[in-house]
Amino acid sequence: MRNLTTTPAWAALTKHASEQADITLNQRFTADADRFEKYQLSAPSWFLDYSKNHINDEIMSGLLALAESQKVSAKLASMFNGDVVNPTEGRAALHSALRYQGSDPIKVGGRDVMPDVRSVLKQMEAFAEKVRSGTWLGFSGKRITDVVNIGIGGSDLGPLMATEALKPFAHEALSLHFVSNVDGSHMVSTLKKVDPETTLFIVASKTFTTIETITNATTARDWFLDSKASDADVAKHFVALSTNAENVSAFGIDTDNMFEFWDWVGGRYSLWSAIGLPLMLSIGPDAFNRFLTGAADMDEHTKSAPLGSNMPVVLALLTVWYSNFKGACTHLIAPYDQYLHRFPAYLQQLTMESNGKSVHIDGSDITVSTGPVVWGEPGTNGQHAYFQLLHQGTHLIPADFIVAAESCNPCGNHHELLIANCLAQTEALMKGKSTDEVVSDMKAAGVAEAKIDELKTHRTFAGNRPTNTLLTQRLDAYALGALIAMYEHKVFVEAAIWDINPFDQWGVELGKQLATTIYDDMSEAVKAGVSVSSHDSSTNGLINRINGMRHKLA
Ligand code: G6Q
């Protein structure tokens, strides 16, 4: 049994939560004029204002004591050191090695992995240069104009999010497409936009066994071979990103066109590896290296900053505070940056696949809430959709607001409006609007007494909603690398506190197994003209109904 909830730090935090439950954010700001100076942090490229949170020095000390009692520093060191921090899969989690800029060896099982890391990076750079410069030619001698990345989960969300985020720096003559869903519509609609003579397919799969990816890659290869291309031309149009050379070769891709990575790179942490090839193709090797450097600098910050001024640690502690002591179940990510429109989806996987666990690392049950539901959309769009619930709903929803001081596309007063909206939301969420203020505003506007009585509670904002604001100069490759690495480490620190393994994902296996069974059962039943009865009545009923509907359609 783990002793998280019996630590003195946990007891102290429980006491603070109960004793300070009624202190509002407004009261905290009134009582302490230095709150903004006190509760802010700087890390590479990013400034964090965390003053609009339900914290004071006592609570922060309690949270830091919790981090110490859960040995956060030692666990971080262990991860950076290449220890087996993923015991259920017997692996290290060394995504930090993929972006390491120093000259020290980084060892996994006694072997320095850095020569291999640098060699694949060189291979990627050489390839990217050829495609970007137009010297890599398709089978009919034309340059590549479109790149289709075929992958799912960790082999899709990271490169897709980052390619979108860094679009202002993209190669103008190269269009990137991402196909992930096994729903044929995803591949079919993408293939309609591209030409076999000028398209490069990247099959991105760590295991090279993932059904969605192999199905999509097979469809793409069939489509390609249905053109004037021959089998020998596949080498010019298909490359693989994988750890599984045997399956890559069996699929028909020359292993010379395979970019390798290793089992110590987790899927959702693989953007820095060969899985980042589409991003490198889009922004070029130099910008990709700045992306790696931003992340490496955030690694150094995480390794060396004291816990209290360590950005991922402080943000993780705030999540633990809200999840375990204030009853929050979700966490909003609100990037005020259109190019970060896939960032919440990316963080959903990073956070929810990592920390959606109910047992501790030793297999014993967890008695407290773990990873919150992460969600979000870019601002200002979210304001016109779900922000109503944030302001006047009944749930406590901590939020991260992310914004850059400068736009990558300066245009009129757009960026000033964007920033103003971002800051206005965090102010409104914190301050709210009292019924007295509502009444006096309505009186000043000449609203009749009866109407004021009818509407005043509807128009009252309780406020007291916590937010963090993350600010950077401009969202470039360096800043994005640093931001992603910061969230990776935040997730790790939360896991360290809850004492869970953030690097496995056994919860995704059962559905995959059952899908294979149902696929077989459905097709067998159609062939034999019988009903399926081997599942529960709901699943049987749905299978038989769908078989009936599809049979009639055929
Ligand atoms: C991520 C997960 C998962 C994985 C996909 C794709 O951490 O492991 O999302 O990335 O299932 O797996 P392959 O890259 O092996 O196809």
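Whatever order the structure lists them in is the order used to number ligands and atoms, beginning at 1. Being a predicted model, the structure only gives us computed values, none of them experimental.
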Item checked: Residue of the set L200, D146, V147 for which side chain to side chain contact (heavy atoms under 4.5 Å, CB included) holds with V194 -> D146

Next item on the list: Go through ligand 1 atom by atom and flag the ones less than 4.0 Å from a non-hydrogen atom of G267.
Entry: 1 (C), 7 (O), 10 (O)

Next item on the list: For S155, take its heavy atoms, then give the atoms of ligand 1 lying under 4.0 Å from any of them.
Entry: 10 (O), 13 (P), 14 (O)

Next item on the list: Give a yes or no on whether a salt bridge exists between K512 and E509, defined as a side-chain N under 4.0 angstrom from a carboxylate O.
Entry: yes

Next item on the list: Please report which non-hydrogen protein atom sits nearest to atom 4 (C) of ligand 1, along with the residue it belongs to and the distance in Å to one decimal place.
Entry: G154 N, 3.8 Å

Next item on the list: Without swapping roles, check the side chain of D504 against the backbone of W506 for a donor-acceptor pair under 3.5 Å.
Entry: no

Notebook entry, point to check: Got a salt bridge between R342 and E164, using NZ or NE/NH1/NH2 to carboxylate O under 4.0 Å?
Noted result: no

Next item on the list: State plainly whether the residues K75 and D499 are in salt-bridge range, i.e. N to O under 4.0 Å.
Entry: yes

Check: For ligand 1, which atoms have a heavy atom of T210 less than 4.0 angstrom away?
Finding: 12 (O), 13 (P), 15 (O), 16 (O)

Checklist line | Protein heavy-atom partner closest to atom 15 (O) of ligand 1 - residue, atom, separation in Å | finding: T207 OG1, 2.6 Å

Note to self: Please list, in number order, the atoms of ligand 1 under 4.0 Å from a heavy atom of S205.
What the structure shows: 13 (P), 14 (O), 15 (O), 16 (O)

Note to self: As an exercise, identify every atom of ligand 1 less than 4.0 angstrom from a heavy atom of Q505.
What the structure shows: 7 (O), 8 (O)

Notebook entry, point to check: Is the NZ or CZ atom of R221 positioned over F238's six-membered ring, under 6.0 angstrom from the centre and within 45° of the axis?
Noted result: no

Notebook entry, point to check: So which protein heavy atom does atom 2 (C) of ligand 1 come closest to, and at what separation?
Noted result: E353 OE1, 3.3 Å

Check: Are D116 and R111 within salt-bridge range, i.e. N to O under 4.0 Å?
Finding: yes

Checklist line | Nearest-neighbour protein heavy atom for atom 6 (C) of ligand 1, which is reported as residue plus atom name and distance | finding: I152 O, 3.1 Å

Next item on the list: Give the single entry among Q349, K206, R268 that approaches atom 9 (O) of ligand 1 most closely by any heavy atom.
Entry: Q349

